[in-house]
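Structure record follows, encoded as structure tokens.
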Amino acid sequence: MGQRSVVCPNCKRPVKPVECSRRNQTKRYVVVTYCCPRCGAELITERIEVSG
């Protein structure tokens, strides 16, 4: 994912999301959560297919 700024609903200002959690959903997918570096609110959750 290209890092783009997102307006945090908590801080009400644009922030660059930082990856704050990554967990295996299945053997083929991981779920990555991006959070606000200022307040820690979850901003984006995406599912990524693991290659290999």
Side-chain angles (χ1 to χ4, degrees):
M1 178 182 106
Q3 286 298 345
R4 58 192 181 274
S5 38
V6 175
V7 176
C8 174
N10 213 2
C11 300
K12 305 281 191 286
R13 55 181 68 200
V15 293
K16 272 203 158 75
V18 292
E19 185 180 311
C20 60
S21 88
R22 178 184 289 249
R23 66 180 192 276
N24 294 339
Q25 190 178 41
T26 63
K27 282 185 162 54
R28 291 196 57 193
Y29 290 99
V30 290
V31 176
V32 181
T33 307
Y34 293 91
C35 294
C36 172
R38 286 171 170 271
C39 66
E42 291 189 6
L43 300 174
I44 307 167
T45 304
E46 61 180 8
R47 214 171 82 169
I48 301 172
E49 188 170 353
V50 179
S51 50

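Atom set for the values below is all heavy atoms of this structure, side chains included, hydrogens, waters and symmetry mates excluded. Everything numeric in this text was worked out from a predicted model, so none of it was measured.
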Problem - Spatial distance of atom OG1 (Thr45) from atom CZ (Arg23) [nearest 0.5 Å] - result: 7.5 Å
Handout entry: Glu46 CD to Arg22 CZ distance, which is reported to the nearest 0.5 Å
Key = 9.0 Å
Fill in the blank from the handout: For Arg38 and Val15 the tightest heavy-atom approach is CD-CG1, 3.7 Å
Practice task
List the atom of Pro17, the atom of Arg4, and the distance in Å for their closest heavy-atom pair.
Solution key: CD-O, 3.2 Å
Exercise for the section: Go through the structure and list residues passing side chain to side chain contact (heavy atoms under 4.5 Å, CB included) with Thr26, not counting sequence neighbours. Expected result: Arg28, Tyr29
Handout entry: Test side chain to side chain contact (heavy atoms under 4.5 Å, CB included) applied to Cys39 - qualifying residues, sequence neighbours left out
Key = Cys8, Asn10, Cys11, Cys36, Ala41
Problem - Hphob cluster co-occupancy, Val31 + Val6, side-chain heavy atoms under 4.5 angstrom - result: no
Exercise for the section: State plainly whether one hydrophobic cluster holds both Tyr34 and Val7, where clusters connect Ile, Leu, Val, Met, Phe, Trp and Tyr through side-chain heavy atoms under 4.5 angstrom apart. Expected result: no
